[in-house]
Amino acid sequence: MTLEASAQRGRQRETSLLITDVGLIDGTGSALRPGVNILVRDGNRASAGCSGDSTADLIVNGHGLYAIPGLIDGHVHIGTRPWAEEVDQLGRALQGGVTSVMDMAGDTRSTGALSRAVLVGDVEGPSIYYVALVAGPAFFTDP
């Protein structure tokens with residue numbers, strides 16, 4: 001995506017989604033909160049427990065459904081397979097509720113490219129955080 005296309009994307013109208021009557025597991029250890037309304041603006045949660053917002057672009061009845069916080073996978077290795085496989089894996093992770101991953105010392109060139117692609121919206125996936133491994137030749141030959 002070009003810088004111009006990215007700027008154009010930022011000027012698009014904000015969209016909103018209201019999910020009503022959902023069971024909320026907030027991740028604090030508290031009991032399930034039934035009947036919660038969750039407002040999502042431009043793809044990000046804006047509020048939970050809000051009253052009905054009839055100005056939302058889309059209203060979905062969430063009765064019988066559950067919402068949980070985004071999951072974090074703190075130890076992954078990405079950037080080691082062909083691009084299409086990596087993109088597919090990231091998309092499946094996001095669909096499974098993983099909103100952030102931490103790559104543990106993979107190839108920062110390909111991991112960085114994937115991270116940028118997710119950041120600008122070219123690839124659908126969780127946010128990617130990564131570290132670089134700095135070592136000499138002996139590290140790679142040490143049995």
Side-chain angles (χ1 to χ4, degrees), residues 1-34 36-50 52-53 55-143:
M1 172 179 286
T2 66
L3 184 57
E4 182 179 297
S6 181
Q8 189 67 264
R9 177 179 291 199
R11 289 190 290 267
Q12 292 175 352
R13 187 177 84 71
E14 183 179 80
T15 59
S16 60
L17 164 70
L18 179 66
I19 306 170
T20 63
D21 196 24
V22 70
L24 178 65
I25 300 169
D26 64 13
T28 65
S30 298
L32 170 76
R33 290 176 43 200
V36 173
N37 294 335
I38 299 174
L39 181 62
V40 178
R41 289 201 190 280
D42 203 24
N44 295 301
R45 181 189 55 81
S47 63
C50 59
D53 183 353
T55 64
D57 296 316
L58 179 63
I59 299 174
V60 174
N61 182 348
H63 183 76
L65 301 176
Y66 300 91
I68 62 171
L71 302 173
I72 299 169
D73 189 339
H75 190 137
V76 300
H77 296 281
I78 58 175
T80 59
R81 292 174 288 182
W83 182 268
E85 289 180 30
E86 296 290 358
V87 168
D88 182 57
Q89 178 81 13
L90 290 169
R92 283 187 277 128
L94 186 63
Q95 292 298 315
V98 176
T99 58
S100 297
V101 297
M102 176 65 175
D103 182 78
M104 301 305 289
D107 183 339
T108 57
R109 295 168 298 181
S110 56
T111 304
L114 284 163
S115 178
R116 283 186 296 281
V118 168
L119 189 62
V120 299
D122 289 344
V123 169
E124 187 173 279
S127 298
I128 300 172
Y129 301 89
Y130 57 98
V131 297
L133 174 64
V134 179
F139 177 84
F140 298 100
T141 58
D142 184 358

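- Crowding of Leu65 atom CG: a count of heavy atoms from other residues, nucleotides or ligands under 6.0 Å exceeding 12.
- The two residues His77 and Met104 come nearest to each other via the heavy atoms CE1-O, 3.1 Å.
- Going from atom CG of Leu114 over to atom CG of Leu119 covers 12.5 Å, rounded to the nearest 0.5 Å.
- Sorted by first then second residue, the salt bridge (charged side-chain N to carboxylate O under 4.0 Å, His left out) pairs that include residues 92-101, not counting sequence neighbours, are Asp88-Arg92.
- Residue Leu17 holds its CG atom at 9.0 Å from CG of Asp57, rounded to the nearest 0.5 Å.
- In this structure, Glu86 contributes its side chain and Arg81 its backbone to a donor-acceptor pair below 3.5 Å.
- What you find for Ile38 and Ala67 is that their closest heavy atoms are CD1-CB, 3.6 Å.
- Taking every heavy atom of both residues into account, Gly79 and Ser110 meet most closely at O-OG, 2.7 Å.
- The CG atom of Leu18 lies 6.0 Å from the OG1 atom of Thr20; values are rounded to the nearest 0.5 Å.
- Taking each heavy atom of Pro126 and Leu90 in turn, the nearest pair found is CD-O, 3.3 Å.
- Within the 3.5 Å criterion, the main-chain N or O of Asp21 finds a donor-acceptor partner in the side chain of Asn37.
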For residues 127-140, which side-chain N or O atoms pair as donor and acceptor with protein atoms under 3.5 Å away, sequence neighbours left out?
none

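- Using a distance-only test at 3.5 Å, with no hydrogens or angles considered, a donor-acceptor pair links the side chain of Thr111 to the main chain of Ile78.
- Residues passing the salt bridge (Lys or Arg N to Asp or Glu O under 4.0 Å) test with Arg33, sequence neighbours excluded: none.
- A distance of 10.0 Å separates OG of Ser100 from CG of Leu71, quoted to the nearest 0.5 Å.
- Of all non-hydrogen atoms in Asp26 and Pro69, the two that sit nearest each other are O-CG, 3.5 Å.
- Of the possible polar contacts, none joining the Ser16 side chain to the Arg41 backbone as a donor-acceptor pair under 3.5 Å is found.
- When all heavy atoms are compared, the tightest approach of Val123 to Trp83 is CG2-CZ2, 4.1 Å.
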